[in-house]
Novice: 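Attaching a single structure in structure tokens format; questions to follow.
Since the model is a prediction, treat every value here as computed from it, not as a measurement.
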Amino acid sequence: MRYLLILALMGMDGCSMTGSSFNTARNDFKGQPLSAVEVRLGPPEQEQTIDGQKIYTWFKGQALNQCTIHVAMAGDVVDSYQTSGDPNICSPWEYRPA
């Protein structure tokens with residue numbers, strides 16, 4: 001009985017994740033502080049400054065199947081957020097604006 005309850009809850013969670021409101025606003029961090037991205041991705045693995053703009057980078061997956069996530073800051077808030085690499089690895093982190 002306990003396993004049926006767990007499966008039912010997982011199914012309900014899965015249904016809510018496929019709703020259009022969830023998918024269209026996923027990872028839309030523009031205008032939010034870096035801490036909002038860190039909650040989702042953890043601490044950045046690389047930080048650099050290019051033309052005075054801070055760029056934070058995360059690497060997800062493995063060397064051959066990797067997703068690279070770049071966040072460019074405008075002061076203290078996210079200016080842009082993009083993913084590149086293996087679509088299967090990037091899927092949970094890809095940018096989907098509202």
Side-chain angles (χ1 to χ4, degrees):
M1 184 71 168
R2 178 177 162 202
Y3 295 111
L4 291 175
L5 178 61
I6 292 170
L7 288 173
L9 290 173
M10 288 173 61
M12 287 171 45
D13 185 43
C15 290
S16 66
M17 291 177 64
T18 58
S20 62
S21 64
F22 177 81
N23 286 336
T24 58
R26 182 168 49 179
N27 300 332
D28 188 4
F29 294 111
K30 189 168 182 168
Q32 296 186 31
L34 180 63
S35 60
V37 181
E38 290 180 313
V39 165
R40 179 87 168 114
L41 299 174
E45 296 171 53
Q46 191 176 50
E47 177 183 330
Q48 55 188 331
T49 302
I50 300 174
D51 294 330
Q53 187 175 38
K54 287 275 191 184
I55 309 292
Y56 296 94
T57 305
W58 289 259
F59 303 100
K60 300 296 182 183
Q62 300 174 359
L64 296 176
N65 295 318
Q66 190 172 51
C67 178
T68 302
I69 303 160
H70 296 284
V71 173
M73 303 298 291
D76 294 332
V77 298
V78 174
D79 182 45
S80 66
Y81 175 96
Q82 65 181 9
T83 60
S84 61
D86 186 300
N88 294 323
I89 304 298
C90 286
S91 178
W93 298 289
E94 69 186 359
Y95 169 64
R96 293 186 186 173

Novice: Above 12 or not: heavy atoms from other molecules or residues under 6.0 Å from CD of Gln48?
Specialist: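 Yes, enclosed.
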Novice: Atom CG in Asn65, atom CG in Asp86: separation rounded to 0.5 Å?
Specialist: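 Output value for this atom pair is 5.0 Å.
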Novice: Specify the closest pair of heavy atoms between Val78 and Phe29, including all atoms of both residues, with the distance to one decimal.
Specialist: CB-O, 3.3 Å
Novice: Under a 4.5 Å cut-off applied to non-hydrogen side-chain atoms, are Ser84 and Thr68 in contact?
Specialist: yes
Novice: Would you give me the side-chain donor-acceptor pairs under 3.5 Å for residues 53-60, sequence neighbours excluded?
Specialist:
residue	atom	partner	partner atom	Å
Gln53	NE2	Met73	O	2.9
Gln53	NE2	Asp79	OD2	3.4
Lys54	NZ	Glu47	OE2	2.7
Thr57	OG1	His70	ND1	3.2
Trp58	NE1	Gly42	O	2.8
Trp58	NE1	Pro43	O	3.1
Lys60	NZ	Leu41	O	3.0

Novice: Contact between Gln82 and Cys90 at the side-chain level, heavy atoms closer than 4.5 Å - yes or no?
Specialist: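 They are not in side-chain contact.
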Novice: Restricting to non-hydrogen atoms, name the atom on Thr83 and the atom on Trp93 that form the minimum distance, rounded to 0.1 Å.
Specialist: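 Looks like CG2-O, 3.3 Å.
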